[in-house]
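Structure, as structure tokens:
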Amino acid sequence: MSTSSKATSGRLWDKGGSLDALVDRFTVGDDYLLDQRLATADCLATLAHAEMLCRVELVSAEELAELQAALGSALQDIAAGSFAIQPEDEDVHTALERYLTRRTAAGEKVHTGRSRNDQVMAALRLYGREAVLAVQADALELAGRLCALAERYPELPMPGRTHLQPAMPSSVALWAQAFCEELLDDVQILDGARRLTDRSPLGSAAGYGVPLPLDRELVAQRLGFDGVHHNVLAASNGRGKIEAVTLDALEQLALTLSRLAQDLMLFSLKELGYVSLPAELCTGSSIMPQKRNPDALELVRAKTATVHGYASAVKGVLRAMPSGYQRDLQETKRPYLLGLAEVALMVRVMTATVSGLQINDAALRAGMTPEVMATDRAYQLVLEGVPFRQAYRQVAEELRGGDLSAGWAAAGARVSPGAAENLELASTARQVATAIKQVAARREQIAEALSALAGSPVSVLGASWPTAAVAPAG
Ligand code: ARG
């Protein structure tokens with residue numbers, strides 16, 4: 001491979017030398033494509049940084065006004081899909097600095113007191129915070145649908161299974177509320193990741209701060225962060241770690257979704273028929289005319305493994321990372337951004353599935369065969385004074401002999417627990433939703449600042465959220 005081609009002219013770090021074209025392509029990779037989704041966040045962070053530079057008198061009021069106007073037009077271009085990041089830009093941060101510099105000489109000042117890693121971290125945290133909050137809200141929506149399902153069928157029995165074999169009486173309500181409760185746990189796990197994300201790294205630069213009187217608190221406040229990530233080296237080393245924690249939390253949510261999907265695939269088997277999946281969510285086969293396949297649920301199951309891979313990939317990169325910035329960290333961006341989007345889509349697929357689920361009353365009742373009642377029957381005997389092990393053997397005998405006396409009917413009449421826990425779940429859901437809303441209040445100022453600059457509503461996540469494809473939409 002030739003090493004003569006040059007590919008560095010116009011780089012932020014261009015000092016007149018040249019870079020081999022292969023190394024250039026290799027180091028840029030698809031970062032410039034992924035960065036499309038960070039463009040709004042980078043504008044926002046640049047706006048707050050410029051305002052702070054003005055406050056500490058490193059940028060004049062006129063220069064700030066020019067920068068604000070140029071950022072406003074960048075936001076409009078981003079919204080219109082016409083803000084291009086070229087491979088020669090390397091990343092959105094370079095593209096934006098160039099964009100600003102083409103419009104105002106003050107563009108040459110916006111990098112004062114920042115490193116690109118600072119910018120990457122700030123943009124990723126702004127984006128990640130929004131994405132996690134969106135996923136939390138969607139997961140709460142799904143939990144709500146499951147709760148509603150339980151309320152609609154408080155008494156409808158369902159065979160409970162262990163080892164996939166009929167085990168004990170359960171109910172639609174018990175099953176649906178189980179997933180509701182697990183989702184609430186996942187939302188709270190995600191909140192731990194959200195809190196770590198919700199700190200401003202700006203001012204950390206390449207991990208060692210800068211010799212300027214930057215006002216880090218002001219920037220954090222302007223960006224609606226909960227506070228400053230204080231130690232500059234810890235902030236810098238937080239790159240990758242926050243991504244890993246978030247992906248681990250997303251994986252927990254994905255695991256819940258995957259198991260919910262798995263249950264629904266089993267329950268909708270022709271042979272069981274407890275539920276029917278919404279026809280519009282099932283796909284067909286190119287060869288077998290009768291097929292209605294749960295491809296979406298299968299992909300939820302498979303993508304849970306992908307999300308695990310993303311979390312592992314990030315932790316793998318971090319494992320041997322010395323302190324301070326290294327380019328390895330770029331490799332954590334893709335799994336992070338794709339993991340967020342993938343899980344957001346998975347939650348929505350499961351919400352659509354649960355919302356359109358048909359519950360088949362007769363099949364569920366028919367599934368409540370005597371064997372499902374065997375343990376209940378044994379406990380009935382225990383309550384009559386028979387030692388448990390004797391009761392156990394007696395029930396096994398009764399089942400073998402097909403001698404299902406009146407006692408069995410009574411055992412079968414029990415409705416499994418479930419419905420009573422509704423109230424408690426609803427209050428947990430409310431608490432979580434309130435906590436999320438409180439964070440939302442802090443972010444409103446950002447939405448307002450962005451929208452005021454752009455002249456129309458702008459969101460950090462952008463119109464294509466959630467999209468798991470690498471090529472930018474639009
Ligand atoms: N795309 C790079 C990343 O995500 C940007 C920072 C590059 N900085 C550097 N010193 N080469 O890490």
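Atoms within each ligand, like the ligands themselves, are counted from 1 in listed order. Since we're looking at a predicted model, the values are computed, not measured.
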Margin query: Can you confirm if the NZ or CZ of R129 lies within 45° of the ring axis of F225 and under 6.0 Å from the centre of its six-membered ring?
Written below: yes
Checklist line | Contact with ligand 1 for D31, non-hydrogen, under 4.0 angstrom | finding: yes
Item checked: Proximity to ligand 1 by part of Q330, non-hydrogen separation under 4.0 Å -> both
Next item on the list: Could you list which atoms of ligand 1 come closer than 4.0 Å to a heavy atom of R239?
Entry: 3 (C), 4 (O), 12 (O)
Note to self: Run the salt bridge (charged side-chain N to carboxylate O under 4.0 Å, His left out) test on D226 and R195 for me, step by step, so that the C-alpha distance in whole Å, both residues' side-chain angles and the decisive distance to 0.1 Å come before the verdict.
What the structure shows: CA-CA 8 Å; D226 203 13; R195 281 200 300 275; over 6 Å; no
Next item on the list: Using a strict cut-off of 4.0 Å, indicate which atoms of ligand 1 neighbour a heavy atom of K333.
Entry: 4 (O)
Next item on the list: Please say whether the positively charged group of R103, taken as NZ for Lys or CZ for Arg, lies over the ring of Y99, i.e. under 6.0 angstrom from the six-membered ring centre and within 45 degrees of the axis.
Entry: yes
Check: Do E243 and K333 sit within salt-bridge range, that is, some charged N less than 4.0 Å from a carboxylate O?
Finding: no
Notebook entry, point to check: With atoms numbered from 1 as shown, which atoms in ligand 1 lie under 4.0 angstrom from a non-hydrogen atom of D91?
Noted result: 1 (N), 5 (C)
Checklist line | salt bridge (Lys or Arg N to Asp or Glu O under 4.0 Å) partners of E251, counting only residues at least two apart | finding: none
Notebook entry, point to check: Side chain, backbone, both or neither: which part of R327 comes within less than 4.0 Å of ligand 1 when only heavy atoms are counted?
Noted result: side chain
